[in-house]
Amino acid sequence: MPNFVGKKYEDIIADPQYGSLFTFSYKESYSNVYEKGIVTDQSLDRSTKVLEGTKIELTVSMGI
């Protein structure tokens with residue numbers, strides 16, 4: 001399981017490798033640490049082993 005925190009949400013969902021392995025959903029939250037569009041959290045820890053097609057919820061910053 002990759003670590004998506006700190007990466008641009010648009011880059012993640014546009015990557016065909018990730019698109020073939022995972023199903024993404026997202027929620028938005030305000031952050032004073034990450035700029036708008038950056039993933040601040042993910043539903044599964046990066047050390048988790050997952051099967052193809054696993055749904056992952058990404059929390060995406062709306063900025064400050």
Side-chain angles (χ1 to χ4, degrees):
M1 174 74 191
N3 182 17
F4 295 113
V5 175
K7 297 182 180 180
K8 289 184 178 182
Y9 175 74
E10 294 298 324
D11 291 346
I12 295 167
I13 62 168
D15 188 315
Q17 179 184 359
Y18 293 144
S20 66
L21 295 175
F22 309 110
T23 301
F24 293 105
S25 65
Y26 80 100
K27 65 181 180 179
E28 296 176 320
S29 70
Y30 290 100
S31 171
N32 59 359
V33 176
Y34 294 98
E35 61 187 65
K36 185 175 182 176
I38 303 296
V39 175
T40 64
D41 196 17
Q42 61 190 54
S43 60
L44 298 174
D45 188 76
R46 67 181 184 170
S47 63
T48 304
K49 292 192 182 241
V50 297
L51 299 174
E52 187 174 316
T54 297
K55 184 176 182 179
I56 302 167
E57 182 176 69
L58 301 175
T59 304
V60 181
S61 174
M62 294 175 62
I64 297 175

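Worth knowing before you read on, the calculation uses all heavy atoms, side chains too, and leaves out hydrogens, waters and symmetry mates.
Looking only at side-chain heavy atoms (C-beta outward), Pro2 and Arg46 stay at 4.5 Å or farther from each other. By the 4.5 Å heavy-atom criterion applied to side chains, Tyr18 and Ile13 are not counted as neighbours.
Atoms NZ and OG1, on Lys55 and Thr23 in that order, are 8.0 Å from each other to the nearest 0.5 Å. Between Ile56 atom CD1 and Leu21 atom CG the span is 9.0 Å, to the nearest 0.5 Å. Considering CD1 of Ile38 and CG of Leu58, their distance stands at 12.0 Å, rounded to 0.5 Å. In this structure, CE in Met62 is found 15.0 Å from CD in Glu35, a value given to the nearest 0.5 Å. To the nearest 0.5 Å, the span separating OG1 on Thr54 from CG on Leu51 amounts to 5.0 Å.
Every residue two or more places apart in sequence or in another chain that forms a side-chain contact (heavy atoms from CB on, under 4.5 Å) with Ser61 is listed here: Ser31, Tyr34, Thr40.
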#### Entry: CA sep, side-chain torsions, deciding dist, call: Val60, Lys27, side chain to side chain contact (heavy atoms under 4.5 Å, CB included)
CA-CA 6 Å; Val60 181; Lys27 65 181 180 179; over 6 Å; no
### Task
Decide side chain to side chain contact (heavy atoms under 4.5 Å, CB included) for Phe22 and Val50; before the verdict, give the C-alpha distance in whole Å, the side-chain angles of both, and the deciding distance to 0.1 Å.
CA-CA 9 Å; Phe22 309 110; Val50 297; 3.5 Å; yes
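Just one residue in the list Glu57, Lys7, Met1 forms a side-chain contact (heavy atoms from CB on, under 4.5 Å) with Gln42, and that residue is Met1.
Aromatic rings from Phe4 and Tyr9 are positioned such that their centres are separated by 6.0 Å or more.
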